[in-house]
Amino acid sequence: MKLGVLLCGLGRAGATRAFSSWPPHSPLTGLVSASELVGHWTAVFEERGIPEARQSSEYIVAHVLGAKTFQSLRPALRSQPLSPRQLGRIQELSSQRLQRMPVQYILREWDFRGLTLKMAPPVFIPRPETEELVTWVLEEEARRPHAGGVEGSPLILEVGCGSGAIALSLLSQLPQSRAVAVDKGEAAICLAQENAQRLQVHRRIQITPVDVTLERNWAPLLPWGPVDLLVSNPPYLSHQDMGQLAPEICSYEDLAALDGGKEGMDVIVHILALAPLLLKDSGSLFLEVDPKHPGLVGSWLQSRPGLGLRLVAVRRDFCGRPRFLHIRRSGPQRGGGTVDTSSRLQPAPVPD
Ligand SMILES: C[S@@+](CC[C@H](N)C(=O)[O-])C[C@H]1O[C@@H](n2cnc3c(N)ncnc32)[C@H](O)[C@@H]1O
């Protein structure tokens, strides 16, 4: 399931109008089929400047009819009249869309790499680019010697787990693996735990509330010790980008999930500084970042050789933008479970 503009990159405000008010149009009368209703709501959404009008109406109608996509509905179901209850439900959900609520929150679930995850505002909605990050992590993991064969391996830590999309996908694809997932948001922790339970991987994951910029003592948070894989899609938007968010994002999603500070690097530098402590000697850090960050992160690491981290690869997303980083820990560096932030976490000196 994909909803392009809303979920690809920033989802900027662009040509959209201010919030619409209900009722938006003349009511439908008589017997109405699913196809007719999709046409009707598409026209209403277009008239009100709602982005992705057709996809939105198709998802809503399909959902009320018990399907994931409109295309997957049997032709007979698309053309037979809907019940008054179904009509009412579609109207109710469509009015939420008119208030610019993202479809993922309206449907209360969304697919990520084939897993159906529960969605709830304000927890960040997983974006399709992040599926590419997970694919890359799995490709690299498959190349590791003895990959997949060792009980409890690889050990994974996800920083900023949100709904759990990344960690839960990795666990579902790596049946021997175990994971720790942390997030500073209480709603995110609850939702990730619920998703882990629904997907029956809860025995292999520990989900804990942690603010990565404040936490000093990681030893109790890593019950299995340092990890093979540290993965994060951190908040990385700059203050300038934060000012251009679409209403779907700024009215419904937790802005702390997006706001990476002046240059978008605030949380990234904390993760980089922690990585030598959290990773095994040969461990890897995978990050999703803004296209301007690969250069900044590369320079930041070069100016701190003591961290023993090397940017080994940058991958582009499906739009061709450099968005994913693979950083490898290359030297022995251990802090005994306590992070000395005074030496490593100076205010982020972000190079030009
Ligand atoms: C961009 S969202 C990514 C969520 C999820 N990993 C995904 O890809 O769908 C960033 C997440 O990081 C969390 N976060 C932001 N700052 C954090 C911090 N200082 N410590 C821990 N988590 C943080 C947010 O609550 C949010 O859930």
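Counting starts at 1 for both ligands and their atoms, in listed order. Side-chain atoms are counted along with the backbone in the values below, which use heavy atoms only and exclude waters and symmetry mates.
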So is [X] close enough to ligand 1, meaning a heavy atom under 4.0 angstrom away?
X	value
Glu215	no
Val159	no
Ser163	no

For Phe124, does the six-membered ring have the charged nitrogen or CZ of Arg127 within the cation-pi criterion, i.e. under 6.0 angstrom from the centroid and within 45° of the normal? yes
Would Arg304 pass as a cation-pi partner of Trp300, given that its NZ or CZ must be under 6.0 Å from the six-membered ring centre and within 45 degrees of the axis? yes
In terms of hydrophobic clusters joined by side-chain contacts under 4.5 Å, are Leu272 and Leu157 together? yes
When hydrophobic residues are tied together by side-chain contacts of less than 4.5 Å, even through go-betweens, does Val312 share a cluster with Leu230?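 Per the 4.5 Å side-chain linkage, Val312 and Leu230 are not co-clustered.
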Counterpart residues, salt bridge (Lys or Arg N to Asp or Glu O under 4.0 Å), relative to Arg54 (two or more places apart): Glu58
Hey, looking at atom 6 (N) of ligand 1, which of Gly185, Gly162, Gly160, Pro126 has the closest heavy atom?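 When every heavy atom of Gly185, Gly162, Gly160, Pro126 is considered, Gly160 comes closest to atom 6 (N) of ligand 1.
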Out of Asp254, Ile125, Val182, Asp211, whose heavy atom sits nearest atom 18 (C) of ligand 1? Asp211
Residue and atom name of the nearest protein heavy atom (relative to [atom]), distance in Å to one decimal:
atom	answer
atom 25 (O) of ligand 1	Asp183 OD1, 2.6 Å
atom 3 (C) of ligand 1	Asn233 O, 3.2 Å
atom 22 (N) of ligand 1	Lys184 N, 3.2 Å
atom 21 (C) of ligand 1	Val210 O, 3.2 Å
atom 1 (C) of ligand 1	Ala257 O, 3.1 Å
atom 20 (N) of ligand 1	Val212 N, 2.9 Å

[X], portion touching ligand 1 at heavy-atom distance under 4.0 Å:
X	answer
Leu214	neither
Cys161	backbone
Ala256	backbone
Glu288	neither
Thr130	side chain

Can you name the one residue among Phe70, Trp110, Phe45 that meets ring-ring contact (aromatic ring centres under 6.0 Å, His included) with Tyr59? Trp110
Any N or O of Ala188 that comes nearer than 3.5 Å to an N or O of ligand 1?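 Between Ala188 and ligand 1 (N or O atoms, distance only) the closest approach is not under 3.5 Å.
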So if I apply the salt bridge (Lys or Arg N to Asp or Glu O under 4.0 Å) rule between Arg315 and each of Glu129, Glu139, Glu132, which one comes out positive?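 The residue from Glu129, Glu139, Glu132 that satisfies salt bridge (Lys or Arg N to Asp or Glu O under 4.0 Å) with Arg315 turns out to be Glu139.
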For the residue pair His326 and Phe286, categorise the inter-ring angle as parallel (less than 30°), tilted (30 to 60°) or perpendicular (more than 60°). parallel
Counting N and O atoms only, with roles assigned by atom type, does the side chain of Arg97 sit under 3.5 Å from a partner on the main chain of Ile60, one being a donor and the other an acceptor? no
Just one of Lys292, Glu263, Arg323, His293 clears the side-chain hydrogen bond (donor to acceptor under 3.5 Å, both in side chains) bar with Tyr236, so which one? Arg323
Lys184 and Thr213 side chains, donor-acceptor separation under 3.5 Å: no
